[in-house]
Amino acid sequence: VQLQAYGGGLVQAGGSLRLSCAASEPTFSNYTMGWFRQAPGKEREFVAGISWSGGRTYYPDSVRARFAISRDTAKNTVSLQMSSLKPEDTAIYYCAASRLVLPFMPLAYDFWGQGTQVTVSS
């Protein structure tokens with residue numbers, strides 16, 4: 001499965017952005033999908049996950065209530081709606097696919113997109 005993430009950009013603190021990730025194959029629907037981010041000098045961090053059916057989602061406390069992940073199986077896409085953005089949300093955001101059930105460790109993901117930069121100015 002090839003993944004293509006897009007939608008990043010520059011936004012002011014308090015603003016919103018919507019990231020999307022397009023998968024190359026319909027088999028995308030069999031995978032748990034996750035979004036991660038990595039800021040300079042920091043480890044890759046899990047920010048959202050959604051089950052293959054879309055019925056379960058998971059967020060860490062740092063983004064809960066601000067970020068929302070969704071998937072459109074018909075379009076082979078997964079999206080991350082980010083609101084109330086903060087400067088500390090600045091990072092490269094990656095989408096990833098896993099055969100496991102809602103893992104939050106990067107090593108559990110089998111396929112990765114190339115990343116899209118999100119910059120939040122104060």
Side-chain angles (χ1 to χ4, degrees):
V1 177
Q2 292 185 336
L3 303 173
Q4 178 80 28
Y6 56 95
L10 174 64
V11 63
Q12 289 188 332
S16 299
L17 271 179
R18 184 177 181 87
L19 306 182
S20 293
C21 176
S24 61
E25 303 173 13
T27 53
F28 146 88
S29 62
N30 298 330
Y31 290 86
T32 292
M33 297 300 296
W35 283 97
F36 290 78
R37 67 186 180 189
Q38 189 165 20
K42 295 189 176 181
E43 293 186 353
R44 193 163 294 191
E45 175 190 18
F46 173 82
V47 295
I50 188 166
S51 63
W52 66 270
S53 68
R56 293 176 59 192
T57 58
Y58 183 78
Y59 309 91
D61 290 342
S62 58
V63 305
R64 195 184 310 275
R66 299 191 298 121
F67 288 12
I69 188 171
S70 60
R71 68 190 300 163
D72 186 332
T73 301
K75 296 182 179 180
N76 291 347
T77 59
V78 61
S79 297
L80 183 69
Q81 180 67 46
M82 306 184 294
S83 59
S84 302
L85 284 163
K86 306 174 182 180
E88 51 263 42
D89 294 318
T90 295
I92 298 174
Y93 283 70
Y94 300 88
C95 61
S98 173
R99 296 180 178 90
L100 302 180
V101 178
L102 277 178
F104 50 88
M105 297 298 292
L107 286 177
Y109 284 78
D110 305 288
F111 304 99
W112 291 84
Q114 85 290 359
T116 185
Q117 176 72 48
V118 172
T119 302
V120 184
S121 63
S122 58

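Residue numbers count from 1 along this sequence. Source: prediction; values computed, not measured.
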Item to check | Test side-chain contact (heavy atoms from CB on, under 4.5 Å) applied to Asn30 - qualifying residues, sequence neighbours left out | outcome: Thr27

To the nearest 0.5 Å, what is the distance between [atom1] ([X]) and [atom2] ([Y])?
X	Y	atom1	atom2	result
Arg37	Arg44	CZ	CZ	13.0 Å
Met33	Ile69	CE	CD1	7.5 Å
Phe67	Thr57	CZ	OG1	14.0 Å
Leu102	Arg56	CG	CZ	5.0 Å
Leu80	Tyr93	CG	OH	7.5 Å
Gln4	Ser20	CD	OG	11.5 Å

Checklist entry - Is it true that the NZ or CZ of Arg71 lies under 6.0 Å from the centre of Phe28's six-membered ring and within 45 degrees of the ring axis? => result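 Yes, Arg71 sits over the ring of Phe28.
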
Checklist entry - Got a sec: does the CD of Gln2 have more than 12 other heavy atoms crowding it under 6.0 Å? => result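 Result for CD/Gln2: open.
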
Item to check | Phe104, CZ: over 12 other non-hydrogen atoms inside 6.0 angstrom | outcome: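 12 or below, so no.
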
Is there a donor-acceptor pair closer than 3.5 Å between any side-chain N or O of [X] and the backbone N or O of [Y]?
X	Y	value
Thr116	Ala5	no
Thr90	Val120	yes
Ser98	Thr32	no
Tyr109	Pro103	yes
Tyr59	Arg66	no

Checklist entry - Which atom names give the shortest non-hydrogen contact between Leu3 and Ala97, and what distance separates them? => result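 Shortest heavy-atom contact: CD1-N, 3.8 Å.
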
Item to check | Smallest separation among heavy atoms of Phe111 and Val1, with atom names | outcome: CD2-O, 3.3 Å

Checklist entry - Mind checking whether Phe46 and Phe36 have parallel, tilted or perpendicular rings, split at 30° and 60°? => result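 If you compare the ring of Phe46 with that of Phe36, the planes turn out perpendicular.
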
Under 3.5 Å, which donor-acceptor pairs link side chains of residues 9-18 to any protein atom two or more places apart or in another chain?
{"unit_1": "Arg18", "atom_1": "NH1", "unit_2": "Gln81", "atom_2": "OE1", "d": "3.2"}

Checklist entry - Should the pair Asp61-Arg64 be classified as a salt bridge under the 4.0 Å nitrogen-to-oxygen rule? => result yes

Checklist entry - Under 4.5 Å between any side-chain heavy atoms of Glu88 and Ser62, yes or no? => result no

Checklist entry - Can you tell if the side chain of Val118 reaches within under 4.5 Å of the side chain of Met82, non-hydrogen atoms only? => result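 In contact.
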
Checklist entry - Is there a path of hydrophobic side-chain contacts, each under 4.5 Å between heavy atoms of I, L, V, M, F, W or Y residues, that connects Trp35 with Trp112? => result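 Shared cluster, no.
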
Item to check | Joint hydrophobic cluster, Leu100 plus Tyr58, side-chain heavy atoms closer than 4.5 Å | outcome: no

